[in-house]
Amino acid sequence: QVQLVESGGGSVQAGGSLRLSCAYSEDKYSTFCLGWFRQAPGKEREGVAHISYTGVTNYANSVKGRFTISKDSAKNTLYLQMISLKPEDTAMYYCAAGPALSVCSGARYGYWGQGTRVTVSS
């Protein structure tokens with residue numbers, strides 16, 4: 001059982017930066033995958049970035065080199081640092097958790113936050 005709450009979304013102009021945060025429930029006896037997903041109106045949910053309990057990260061090709069996923073285990077917080085934002089990055093962003101795997105891009109995420117909106121203007 002994992003609870004997650006996103007924050008940090010907002011409106012920025014193209015080329016700008018934004019950092020999203022996700023507070024997750026503490027459970028030091030369990031390990032799990034953490035990830036960021038996004039969904040634009042009328043489009044399917046897309047995996048953006050993932051991080052394993054060992055710190056291994058994976059990124060979607062569309063954001064590689066621009067987005068960085070990280071976590072602060074002491075604060076039970078997941079982050080997504082986004083730079084060089086583009087209008088196509090506009091979407092609702094969700095953090096999620098699922099059973100631990102060595103490669104979290106393939107994890108079955110079963111716990112989700114409520115989402116935080118990111119809008120990038122031209």
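All heavy atoms count here, side chains included; hydrogens, waters and symmetry mates do not.
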Please round to the nearest 0.5 Å and tell me the distance separating atom CG of L80 and atom OG1 of T116. 11.0 Å
For Q39, does the CD atom have more than 12 heavy-atom neighbours from other residues, nucleotides or ligands under 6.0 Å away? yes
Test item: S62 and E46 side chains (from C-beta on) under 4.5 Å apart, heavy atoms: yes
With rounding to the nearest 0.5 angstrom, report the OG to CG distance, S17 to L85. 6.5 Å
Where is the tightest heavy-atom contact between Y53 and A100, given as atom of each residue plus distance? CD2-CB, 3.9 Å
Check whether the ring centres of Y109 and F37 lie less than 6.0 Å apart, and answer yes or no. yes
Same apolar cluster (I L V M F W Y, side chains within < 4.5 Å links), W36/Y111: yes
Student check: side-chain heavy atoms of I69 and L78 closer than 4.5 Å: yes
Just so I know, are the side chains of L4 and Y94 near enough to count as touching, which here means a heavy-atom distance under 4.5 Å? no
With R66 via side-chain hydrogen bond (donor to acceptor under 3.5 Å, both in side chains) - residues at least two apart: D89
Please check if W112 and L20 belong to a single hydrophobic cluster, counting links between Ile, Leu, Val, Met, Phe, Trp and Tyr side chain heavy atoms closer than 4.5 Å. no
I need the S25 OG to N76 CG distance, nearest 0.5 Å. 7.5 Å
What's the separation between atom CZ in R38 and atom CZ in R45, rounded to the nearest 0.5 Å? 13.5 Å
Looking at residues at least two apart in the chain, or sitting in another chain, which of them share a side-chain hydrogen bond (donor to acceptor under 3.5 Å, both in side chains) with T90? none
Parallel, tilted or perpendicular for Y93 and F67, by the 30°/60° rule? tilted
When you compare the side chain of Y59 with that of T68, does any pair of heavy atoms fall below 4.5 Å? yes
Can you tell me if K64 uses its side chain to pair, donor with acceptor, with the backbone of N58 under 3.5 Å? no
Shortest non-hydrogen contact from S21 toward T77: CB-CG2, 4.3 Å
Grouping I, L, V, M, F, W and Y whenever their side-chain heavy atoms are under 4.5 Å apart, do Y24 and Y79 come out in a common cluster? no
Nearest non-hydrogen partners of S122 and P87, listed with the distance: OG-CG, 3.7 Å
Any donor-acceptor pair under 3.5 Å from E6 side chain to Q114 backbone: yes
Heavy-atom donor-acceptor pair, T119 side chain to S11 backbone, under 3.5 Å: no
